[in-house]
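Both counts, for ligands and for their atoms, begin at 1 and track the order of listing.
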Amino acid sequence: MTDSGFTSSIVPRAPLGAYANEPFEDFKQPEIARAMREALDSVASQLGHEYDLIIGGSRIKTAEKIRSVNPARPAQVVGVHQQAGAEYVEPAMKAALTAFESWRHVPVATRVSLLLGAAEKIRQRKFEFCAWLTYEVGKNWAEADADVGETIDFLEFYAREALRLSRATTPIQYPGERNELIYVPLGVGAVIPPWNFPFAIMAGMTAAAIVCGNTVVLKPSSDAPTLAAKYLEVLEEVGMPDGVVNLCPGSGPTFGNAIVEHPKTRFISFTGSKAVGLEINERAAKTQPGQIWIKRTVLEMGGKDSILVSADADIDAAVDGIVASAFGFSGQKCSACSRAIIEAPVYDVFVERVRERVAKLTIGNPFENPNIGPVINKAALDSMLRYIEIGKKEGRLIAGGNAPEIEGGFYLEPTVIADVAPNAVLAQEEIFGPVLALIKVNSFGEGLAVANNTQYGLTGAVYTSSREKLDRARAEFHVGNLYFNRKCTGAMVGAHPFGGFNMSGTDSKAGGGDYLLLFSQAKSVAEKL
Ligand code: NAD
């Protein structure tokens, strides 16, 4: 037990090695595929368990439940969760405030050791977590592995970043004084993640906040609360004190609104849709009675991401990159390519090759590791089908468009609509599914103008063999994450700090060197010598 009342089962480790991304698993290796199958079988026997709210370490049951189901087979319940109503905001806040009083004083090295311990536990049980992702949100094996790998990366990266921040100093020492710059935590934060990276984004947002000394109320998405419950189990195993992370699954409009509005909420870390992000922004801006600070909001939102293909590009590489970016995890990534903008001289050949490439994609239950699994739920599928109907009027359907019946799951074929105008609905609104619009342009300059013509600004890519065009795109393509001659998905922690411009969010750059500043405030101390 330390002065701050903190006990950890994790012994702070030897000096930290340099940060490196967690390697991807190669599921073509028979022993790796076998490990994944065994994990899927083992997790199958744990499906349907009930999980509690965790507030200040107490386990609580509520009358209302959230049933998380497998989108590939909705009759299969993955987990039954308590549904926190607005009345649970006050107890969760009290627990987080109480924990904050000790957690804020826990040495940074101890907080860091907790993150590293969690990373190690998750690494040891990697296939098990992959299996949970397959069941809860329908990720195929490689997508699940990328999500778990990114979770480990966030924990390892933010651990090192916290140590770096603790060594900060003022830019100069004023003569006759000793000057210090100390990054102190903010207080209690609301962490509100989306369902599509239910492990990495949820765990990363939480870890960044707590490693800085904040405590949080974590409200996971109702589509993926089981991953959050599993994360809490890991944090408890490594000795996280009660109340540092309070787990409250609940609905956005009830619990979500109430935690955002609470006068003691110091910051809101949100990732999700534009509509909800903007609503949180407005709600958080209104000062509540008794509130003594301006709430800080970190809002990462949607995208309408483009890949621009110049006539001088390697067309096969561009087709591969676009198909991977558009249809990986059924296009349910904020970074997914939903618009391919093609220069006229190569447009027809490009359309044909995309059609051929998409025809080869396999679709089915992600348990069997096809290219394409289900989309997250019935409402999402219906919305995508409505967009496809609009798209058929706005352009020419060249692939997909149907919702195949497989085990009652929420499946949608990878869909491509050609000859879409730059201002068409299909070219402007986030669909968040496997629907790709192809847009023809007459020049590279026109292509860049089209790439910039939405209200979003998250990711983008350019395929060209021209150095001049790359330089022009670097200057003019207005997105937070720009890629050259590669896909626009798959940001790696540390290498591709992630966050968007315009209506894609506050450009917080998760996985980057500035991220922890968002969860800290700098105290400047000057002592006369
Ligand atoms: P969503 O906005 O529907 O929900 C996100 C979270 O907000 C969920 O936990 C939800 O319960 C909660 N919520 C809903 N209403 C709320 C309210 N009124 N107050 C407080 N919380 C509320 O988004 P989603 O469907 O879970 O995720 C998909 C969206 O997330 C897409 O738009 C995608 O582009 C975006 N996304 C962005 C990034 C990024 O880094 N920019 C990453 C992943 C996903």
Query raised in the report: For the residue pair P71 and G138, what are the closest heavy atoms and their distance?
Result: CG-N, 3.8 Å

Salt bridge [X]-[Y], side-chain N to carboxylate O under 4.0 Å:
{"X": "R386", "Y": "E389", "answer": "no"}
{"X": "D52", "Y": "K61", "answer": "yes"}
{"X": "R59", "Y": "E236", "answer": "yes"}
{"X": "R123", "Y": "E156", "answer": "yes"}

Region of [X] that comes within reach of ligand 1 [heavy atoms, distance under 4.0 Å]:
{"X": "I259", "result": "neither"}
{"X": "N196", "result": "side chain"}
{"X": "R283", "result": "neither"}
{"X": "E430", "result": "side chain"}

Query raised in the report: Quick check: does W195 get an N/O under 3.5 Å from an N/O on ligand 1?
Result: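 By distance alone, the answer is yes.
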
How far is [atom] from its nearest protein heavy atom, and which residue and atom is that?
{"atom": "atom 36 (N) of ligand 1", "answer": "C334 CB, 3.5 Å"}
{"atom": "atom 11 (O) of ligand 1", "answer": "K219 NZ, 2.8 Å"}
{"atom": "atom 9 (O) of ligand 1", "answer": "P193 O, 2.8 Å"}
{"atom": "atom 2 (O) of ligand 1", "answer": "S273 OG, 2.6 Å"}
{"atom": "atom 41 (N) of ligand 1", "answer": "M301 O, 2.7 Å"}
{"atom": "atom 19 (N) of ligand 1", "answer": "N257 OD1, 3.3 Å"}
{"atom": "atom 28 (C) of ligand 1", "answer": "F432 CE2, 3.5 Å"}
{"atom": "atom 22 (C) of ligand 1", "answer": "G252 CA, 3.4 Å"}

**Report entry** Side-chain touch T459/F498, heavy atoms, less than 4.5 angstrom
**Finding:**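 Touching, per the 4.5 Å side-chain cut-off.
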
Going by the order shown, which atoms of ligand 1 are within less than 4.0 Å of some heavy atom of [X]?
{"X": "L458", "value": "41 (N)"}
{"X": "E279", "value": "18 (N)"}
{"X": "S221", "value": "9 (O)"}
{"X": "T271", "value": "5 (C), 37 (C), 38 (C), 39 (C), 40 (O), 42 (C), 43 (C)"}
{"X": "I192", "value": "6 (C), 7 (O), 9 (O), 12 (C), 20 (C), 21 (N)"}
{"X": "I201", "value": "42 (C), 43 (C)"}

Query raised in the report: Strictly by modelled atom types, are E90 and H262 linked by a side-chain donor-acceptor pair under 3.5 Å?
Result: yes

Query raised in the report: Between the side chains of N452 and E476, does any donor sit under 3.5 Å from an acceptor?
Result: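 N452 vs E476: no donor-acceptor pair found between side chains.
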
Report summary line: Of A258, P194, G272, the residue with the heavy atom nearest atom 35 (C) of ligand 1 is G272

Query raised in the report: What's the spacing between F410 CZ and M384 CE if we round to 0.5 Å?
Result: 11.0 Å

**Report entry** Test item, F270 contacting ligand 1 (heavy atom, 4.0 angstrom)
**Finding:**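 Within the 4.0 Å threshold, so yes.
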
Requested in this report: Could you list all the salt bridge (charged side-chain N to carboxylate O under 4.0 Å, His left out) pairs where at least one residue sits in residues 246-268, not counting sequence neighbours?
Outcome: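 Found E261-R283.
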
**Report entry** More than 12 heavy atoms of other groups within 6.0 Å of L278 CG
**Finding:**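 Yes, enclosed.
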
Query raised in the report: Under 6.0 Å between the ring centres of Y88 and F255?
Result: no

Report task. In sequence, state the C-alpha distance, the side-chain angles, and the governing distance for K304 and Q428, and then conclude on side chain to side chain donor-acceptor pair (under 3.5 Å). Result -> CA-CA 7 Å; K304 189 72 193 173; Q428 292 294 321; over 6 Å; no

